[in-house]
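Worksheet for the structure shown next.
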Amino acid sequence: MQIKSNFSLLAFNTFGLDVQASYFVEYNSVADLQTVLQSDIVKSNQMLHIGGGSNLLFMSDYKGVVLHSCIQTIKKVNETDAAVLLEVGAGVEWDNFVAYCVLHGWGGAENLSLIPGEVGASAVQNIGAYGVEVQDLIVEVKAVDVHSGELTVFQVDTCKYGYRDSIFKNELKGKYIITSVVFKLDKTPVYKLNYQHLEEEVLKCGMVNLQNIRQTIIAIRESKLPNPKVLGNAGSFFMNPVIPKMQFISLQNMYPNIPHYYVSEFDEKLPAAWLIDQCGWKGKQIGNAGVHNIQALVLVNNGGATGAEIASLAKQIQTSVKDKFGIELQAEVNFI
Ligand code: EPU
């Protein structure tokens, strides 16, 4: 365990905000984490656990302890003719795990290629893309109780997974720290290519296989989403809103081309990107914060922006979407 004081979080938030944590602690194992949780520094300060910082917006310096996992093991815990079960440390970079699965010919994670962040956070956020959510692969989540230090195993059906949502963002927020996640991967992959024109795009690489799906998704993401190392951002800033069918029908009467996704007979999901784009925000800049010029759902730090500037831009976008469409966008990004 290492404790650092007045630590810059620049490398730990993809918006590229130069904020400081009073203390920053990294640990390498469950036992190490249990020791950290007993330390005076943790007991006498507020605490924030971060992953890759790809979903965080720091409004100011963090007056407390920031924890980060360096548990980076990948262990095969079971194997049958059909599947492998892998226990993956919370500190493993998500996309390295996807690459590892694809390399071994194990299917399930390939559609989630190039999503930034780490494995622990993937299970909090229920990351998703191209028709797959991480909950589809999760068997169990292992986490340490912040107060008792006890290691608990959560079966996937107790994690209350929903769209970018889980028990760890709600009832158990701040109460547990995820240390590893057990995933089930298929030895005979079942390809999921229904999202928009994904299959067509994959076929341009030749045959449908895990490598080509990964390549295609990486290419799509790179063409639409700015690289946070070049232009600070946190991926989709808002969630795609789910609205009642009646409200959707009246919007569709006004905007016949409105894109939408079926949720249930009662609800429809709308792309926030489209709503924001229709309000004329794409490519706009206010101060040092801006709306990406290719994907309107991504807010960017054009250099030197503060968290407050980005938050103020987000607020203005929410207001205009509310005024034009009567829909309240909710942030996917966490404000700290
Ligand atoms: N669109 C616009 N203007 C834009 C961008 C998109 O009108 O500037 C329209 C597109 O034409 C399309 C619709 O909006 O009809 C949806 O766009 P896209 O397919 O790019 O997906 P999205 O809804 O913006 C979601 C996830 C992404 C995920 C992609 C692919 C959310 C909030 N976002 O984006 O997740 O990668 O689908 O599955 O659910 C993330 O969570 O950080 C993230 C990037």
Side-chain angles (χ1 to χ4, degrees), residues 13-15 51-57 94-95 98 109-118 121-136 161-166 169 192-202 213-214 216-228 231-243 248 251-252 255-263 268-284 290-300 314 317-318 320-321 324-325 327-334:
N13 76 100
T14 58
F15 263 121
S54 50
N55 216 26
L56 302 178
L57 180 64
W94 172 260
D95 193 53
V98 177
E110 60 283 358
N111 287 30
L112 305 178
S113 289
L114 209 64
I115 294 185
E118 294 171 2
S122 76
V124 174
Q125 183 65 9
N126 190 17
I127 56 171
Y130 306 102
V132 175
E133 286 181 331
V134 76
Q135 65 161 323
D136 305 336
Y161 282 123
Y163 167 60
R164 300 291 191 277
D165 202 21
S166 76
K169 286 180 80 172
K192 297 196 186 69
L193 300 171
N194 293 332
Y195 190 90
Q196 292 176 11
H197 307 291
L198 185 56
E199 183 160 14
E200 234 171 278
E201 292 299 315
V202 175
I213 296 173
R214 176 164 165 80
T216 303
I217 283 173
I218 289 176
I220 297 175
R221 290 186 74 93
E222 284 179 336
S223 72
K224 290 209 252 192
L225 298 167
N227 178 350
L231 188 63
N233 75 88
S236 297
F237 195 93
F238 300 102
M239 292 199 269
N240 285 335
V242 174
I243 61 169
F248 168 67
L251 281 173
Q252 202 181 30
Y255 307 96
N257 296 328
I258 189 166
H260 56 102
Y261 312 106
Y262 175 86
V263 175
E268 211 63 26
K269 193 192 274 181
L270 302 182
W274 186 87
L275 299 170
I276 296 167
D277 202 348
Q278 292 295 305
C279 292
W281 281 104
K282 189 140 88 182
K284 284 263 168 72
V291 179
H292 188 48
N293 56 6
I294 299 174
Q295 169 52 284
L297 192 48
V298 178
L299 303 195
V300 296
I317 291 171
Q318 281 169 315
S320 60
V321 168
K324 190 171 167 79
F325 297 104
I327 293 173
E328 286 185 37
L329 291 183
Q330 271 187 35
E332 181 182 323
V333 167
N334 295 307

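Quick note: residue numbers are just sequence positions, from 1. Both ligands and their constituent atoms are indexed starting at 1 by order of listing.
Inside a 4.0 Å radius of atom 32 (C) of ligand 1 there is at least one protein heavy atom. Within the 4.0 angstrom cut-off, atom 23 (O) of ligand 1 has one or more protein heavy-atom neighbours.
One option in A272, G235, S236 has a heavy atom closer to atom 44 (C) of ligand 1 than any other, and that option is S236. By heavy-atom distance, the residue among L329, D277, V132, I258 lying nearest atom 3 (N) of ligand 1 is D277. Nearest-residue assignment for atom 35 (O) of ligand 1 (options Q125, R164, R221; heavy-atom criterion): R164. For atom 12 (C) of ligand 1, the nearest non-hydrogen atom from the set M239, E332, Q196, Q330 comes from Q196. Closest heavy-atom approach to atom 37 (O) of ligand 1 within the set F238, Y130, Y195, F237: this belongs to Y195.
For ligand 1, the atoms closer than 4.0 angstrom to any heavy atom of P259 are 15 (O). Residue-ligand proximity, L297 to ligand 1, at heavy-atom distances under 4.0 Å covers atoms 24 (O), 32 (C). If you number the atoms of ligand 1 from 1 as listed, the ones under 4.0 Å from a heavy atom of A296 come out as 4 (C), 8 (O). Residue contact check: K224 has heavy atoms under 4.0 Å from atoms 18 (P), 19 (O), 20 (O) of ligand 1. Distances below 4.0 Å separate heavy atoms of K282 from the following atoms of ligand 1: 3 (N), 4 (C), 8 (O). Heavy-atom proximity to P271, at under 4.0 Å, picks out these atoms of ligand 1: 13 (C), 14 (O), 16 (C). Of all atoms in ligand 1, listed by their number and element, those nearer than 4.0 Å to a heavy atom of Y163 are 31 (C), 32 (C), 39 (O).
Of the protein's non-hydrogen atoms, the one nearest atom 5 (C) of ligand 1 is Q295 OE1, 3.1 Å. Atom 9 (C) of ligand 1 has its closest protein heavy atom at W274 CB, 4.2 Å. Considering only non-hydrogen protein atoms, atom 25 (C) of ligand 1 sits nearest to N240 ND2, 4.1 Å. Ranking protein heavy atoms by distance to atom 16 (C) of ligand 1, first place goes to Y261 OH, 3.2 Å. Among protein heavy atoms, the minimum distance from atom 6 (C) of ligand 1 is reached at A273 CB, 3.4 Å.
Closest heavy-atom contact between A314 and F238: O-CZ, 3.7 Å. Nearest heavy atom pair, residue Q318 against residue A331, reads NE2-N, 4.4 Å. When every heavy atom of N126 is checked against every heavy atom of Q135, the shortest pair comes out as OD1-N, 3.1 Å.
Taken from CH2 in W94 to CD1 in I127, the straight-line distance is 4.5 Å, to the nearest 0.5 Å. To the nearest 0.5 Å, the span separating CD on E199 from CD on E201 amounts to 11.5 Å. From N334, atom CG reaches atom CD of Q125 across 6.5 Å, with rounding to the nearest 0.5 Å.
Judged by distance alone, with hydrogens and angles left aside, the side-chain atoms of S166 form no donor-acceptor pair with the main-chain N or O of Y161 at under 3.5 Å. Judged by distance alone, with hydrogens and angles left aside, the side-chain atoms of N240 form a donor-acceptor pair with the main-chain N or O of A272 at under 3.5 Å.
Contact annotation: for I294 versus ligand 1, heavy atoms closer than 4.0 Å belong to the backbone alone.
Using a 30° and 60° split on the angle between ring planes, F325 and W274 fall in the tilted class, from 30° to 60°.
For the side chain to side chain contact (heavy atoms under 4.5 Å, CB included) criterion with K282, the lone passing option out of L297, I276, D277 is D277.
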